[in-house]
Every structure is written in structure tokens, then in C-alpha cells.
Undergrad: 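Have a look at the structure that comes next, please.
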Amino acid sequence: MLSDIASAVVPALGRLTTSADLAAVPAPGILVANHTSLADPGIVLAALRRLDIEPVVLAAAGLWRVPVLNRLLDQGGHVPVHRRTARAADALDGAAAALAAGRYVLIYGEGRIPPRRDASEAGPEAFRSGPARLAAASGAHVIPVGQAGARRVTSGSPLKQVAGLLTAPARRPRFHVHIGAPLHLPAEVGPASAAAHRAVTAAWRTAAHHLGEPLTHPRGHVHEETNLQLNYPSA
């Protein structure tokens with residue numbers, strides 16, 4: 001349901017294009033995407049829908065407090081992440097169950113939107129341990145997803161983000177999502193997080209190149225964190 005809504009809304013905001021390293025994306029798999037804007041989850045879901053992929057999304061538990069949205073999340077089988085609580089690790093069990101059922105799972109390795117005010121593209125921040133831990137627990141491969149252009153819709157201060165969203169249909173910004181080749185991560189969390197970070201960074205570079213966006217060097221590789229955390233978006 002969320003994928004259908006994104007597929008209807010995103011084309012009204014701008015021009016979305018997609019590319020992939022493979023003709024078909026094997027399932028099940030852990031889709032790991034870079035996170036730059038409140039708009040990018042919708043953009044990524046719309047792009048994946050074009051490939052007939054409707055993933056289970058690991059989303060901040062606070063979103064289940066939003067009327068209507070909570071029903072959509074439940075209907076789609078999406079997994080709440082209770083950040084900074086003893087229940088945070090429960091999300092891994094829900095995600096692993098979705099993978100065992102043959103579904104894709106979408107997770108944001110950075111766990112937050114970067115605290116920048118400008119609308120430019122920059123490489124992914126350091127990854128938290130969630131993707132590596134999920135891959136180790138499930139044995140599933142990781143599918144890197146790079147998106148660029150979402151910050152042309154929402155970025156900066158809250159007022160600027162609202163203005164960006166309202167004016168996007170007239171400005172018609174361009175978005176691109178690139179799906180990289182699947183990879184199996186090392187068993188150790190540190191090297192696995194670094195490998196996932198490199199793969200998502202490469203996919204992001206490809207997406208930014210499609211838009212002609214200048215690239216900024218990414219900030220590091222792995223952020224050690226005992227709790228699985230995700231912003232999709234924060235609430």
C-alpha cells in the first residue's frame with residue numbers, strides 16, 4: 001500500500017528515473033539505502049515499485065502513533081523499530097521473519113538524516129550495525145540502493161522543507177535511484193558494515209552521476225551501535 005501511494009505521489013513532485021546493475025533483483029534480500037531527506041523513503045519506494053519490489057520497511061515505532069498511517073504500516077507488514085529501548089533488537093526478528101517468507105526488507109544504514117542545511121548531495125554517513133546484524137542473523141544478501149535528488153524536495157530548516165515540498169510540483173526536480181548488485185557481507189559486524197557502506201556509497205555515486213550532481217566525500221564507514229536504529233522518517 002505504501003509503495004502504491006509513493007508511486008502516485010512522487011511523479012507529481014518531480015521526475016524519477018531508475019537504473020540497476022542486474023536485470024532482475026533476486027529475492028529475498030536486504031535493501032540498504034542512503035538517507036538524505038524526509039522525501040527519500042517515498043522516492044525509493046516508488047523506484048522499487050517500478051521493479052515490482054514492495055519491501056517490508058523497518059520504520060521508527062513513532063510512526064505507528066500517526067492515524068491512518070499506522071493502519072497502512074500494519075497492512076504492509078512493516079516492522080517498527082523501538083529506538084533506544086530494550087525492544088530495539090526485536091526489529092531484527094521481524095525483519096528476519098519477512099526475509100524467511102521470501103520478501104525484501106528495506107533499511108537505512110545511517111539511521112538518521114544528515115544534519116545539513118544545504119540541498120547538495122553528499123555520501124552516506126557512517127553506518128550503524130543494523131544491516132550487518134540482520135544479514136548475519138538471516139544469511140540474506142545485501143542489495144545496495146543509492147538515491148540522489150531527494151534533498152531538492154525537502155532539506156534545511158522546517159520552514160524550508162515545507163516550502164520545498166509545496167513548490168516541488170512547479171520546479172519538477174529530478175530524482176534517480178540506482179540498485180547495485182547483491183553482495184554477501186562478512187560475518188564480523190565491523191567489516192560487514194564497512195562493506196555495506198562502500199556498496200551503498202558506490203550506488204549513490206551512480207545515482208548522483210545520472211543527475212549531474214557534484215559529489216562530496218562520504219563521512220566514514222561504520223558507526224558502532226548496540227541498538228538497531230532507523231529514521232523513516234523520524235517522528
Side-chain angles (χ1 to χ4, degrees), residues 1-20 23-25 27-81 95 98 101-108 113 119 121 143-156 158 160-179 203-204 206-208 210-211 213 230-235:
M1 181 63 74
L2 286 182
S3 296
D4 292 335
I5 294 172
S7 295
V9 172
V10 169
L13 297 176
R15 296 163 289 169
L16 172 63
T17 52
T18 63
S19 58
V25 180
I30 304 168
L31 298 152
V32 183
N34 63 309
H35 203 9
T36 62
S37 164
L38 289 173
D40 68 62
I43 291 169
V44 168
L45 286 177
L48 293 173
R49 186 67 181 82
R50 292 184 179 184
L51 300 174
D52 293 322
I53 296 174
E54 296 187 43
V56 169
V57 181
L58 272 69
L63 294 177
W64 269 259
R65 295 195 296 268
V66 180
V68 179
L69 178 59
N70 55 6
R71 292 199 298 272
L72 296 176
L73 291 166
D74 284 336
Q75 289 171 6
H78 302 294
V79 178
V81 181
R103 297 196 64 180
Y104 298 94
V105 169
L106 174 62
I107 182 172
Y108 285 87
I113 297 171
E121 288 294 323
I143 304 165
V145 179
Q147 61 77 28
R151 291 186 67 81
R152 301 296 180 182
V153 179
T154 56
S155 60
K160 184 179 177 182
Q161 294 194 48
V162 172
L165 184 63
L166 293 176
T167 60
R171 294 185 289 111
R172 306 295 297 163
R174 295 171 60 211
F175 322 122
H176 191 88
V177 175
H178 180 75
I179 314 298
W204 161 76
T206 299
H210 273 270
L211 300 182
E213 290 277 359
L230 176 72
N231 263 346
Y232 173 74
S234 58

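In what follows, every heavy atom counts, from backbone to side chain, and hydrogens, waters and symmetry copies are set aside. What you are looking at is a predicted structure, and each value in this text was computed from that prediction instead of being measured.
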Undergrad: Taking ring-ring contact (aromatic ring centres under 6.0 Å, His included) as the test, write out the residues that go with His178, two or more places apart.
TA: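 Here no residue qualifies.
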
Undergrad: Partners of Val9 by side chain to side chain contact (heavy atoms under 4.5 Å, CB included), sequence neighbours excluded?
TA: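 Scan of Val9 (side chain to side chain contact (heavy atoms under 4.5 Å, CB included), adjacent residues dropped) gives Ile5, Leu13.
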
Undergrad: Give a yes-or-no answer on whether the side chains of Ser37 and Thr154 include a donor-acceptor pair shorter than 3.5 Å.
TA: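 Yes, side-chain donor-acceptor contact under 3.5 Å.
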
Undergrad: Quick one: closest heavy-atom pair of Ala47 and Thr18, and the distance?
TA: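 Ala47 and Thr18 have their closest heavy atoms at CB-CG2, 3.5 Å.
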
Undergrad: What is the distance from atom CG of Leu48 to atom OG of Ser7, rounded to the nearest 0.5 Å?
TA: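 If I round to the nearest 0.5 Å, the distance is 9.5 Å.
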
Undergrad: Would Arg50 and Val177 count as a side chain to side chain contact (heavy atoms under 4.5 Å, CB included) if you check the C-alpha gap in whole Å, the side-chain angles of each, and the deciding distance to 0.1 Å?
TA: CA-CA 11 Å; Arg50 292 184 179 184; Val177 175; over 6 Å; no

Undergrad: What are the two closest heavy atoms between Ala98 and Val105, and how far apart are they?
TA: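 For Ala98 versus Val105, the nearest heavy atoms are CB-CG2, 3.9 Å.
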
Undergrad: Would you please name every residue forming a salt bridge (Lys or Arg N to Asp or Glu O under 4.0 Å) with Arg151, sequence neighbours left out?
TA: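 Salt bridge (Lys or Arg N to Asp or Glu O under 4.0 Å) check on Arg151 returns nothing, list empty.
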
Undergrad: Show the nearest heavy-atom pair for residues Ala33 and Tyr108, with the distance to one decimal.
TA: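 For Ala33 versus Tyr108, the nearest heavy atoms are O-CD2, 3.4 Å.
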
Undergrad: Which residues satisfy the side chain to side chain donor-acceptor pair (under 3.5 Å) test with His78, sequence neighbours excluded?
TA: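 Checked His78 against side chain to side chain donor-acceptor pair (under 3.5 Å); zero matches.
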
Undergrad: May I have all residue pairs that pass salt bridge (Lys or Arg N to Asp or Glu O under 4.0 Å) and include part of residues 162-176, sequence neighbours excluded?
TA: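 Sorted result for residues 162-176: empty, none.
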
Undergrad: Side chains of residues 51-63: which donor-acceptor pairs under 3.5 Å do they make with residues two or more places apart or in other chains?
TA:
residue	atom	partner	partner atom	Å
Glu54	OE2	Arg49	NE	3.2

Undergrad: How close do Ala207 and Gly146 get, heavy atom to heavy atom, and via which atoms?
TA: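 Shortest heavy-atom separation between Ala207 and Gly146 comes out as CB-O, 3.5 Å.
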
Undergrad: Report the residues that fulfil side chain to side chain donor-acceptor pair (under 3.5 Å) with Glu213, sequence neighbours left out, ordered by chain and then residue number.
TA: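 With neighbours one apart ignored, the set is Arg152.
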
Undergrad: Mind checking the CD1-CD1 spacing from Ile179 to Ile143? Nearest 0.5 Å is all I need.
TA: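 Rounded to the nearest 0.5 Å, the CD1-CD1 separation comes out at 8.0 Å.
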
Undergrad: Indicate the atoms forming the closest heavy-atom contact of His176 with Thr17, along with that distance.
TA: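 Minimum heavy-atom contact is ND1-OG1, 2.6 Å.
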
Undergrad: Work out which heavy atom in Pro28 is nearest to a heavy atom in Gly102; give both atom names and the distance.
TA: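 In terms of heavy atoms, the two residues are closest at CB-C, 3.8 Å.
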
Undergrad: Roughly how far apart are Asp40 CG and Leu45 CG, rounded to 0.5 Å?
TA: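 These two atoms lie 9.5 Å from each other.
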
Undergrad: I'd like to know if the side chain of Gln147 pairs up with that of Thr36 as donor and acceptor (distance under 3.5 Å, no hydrogens or angles considered).
TA: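 Yes.
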
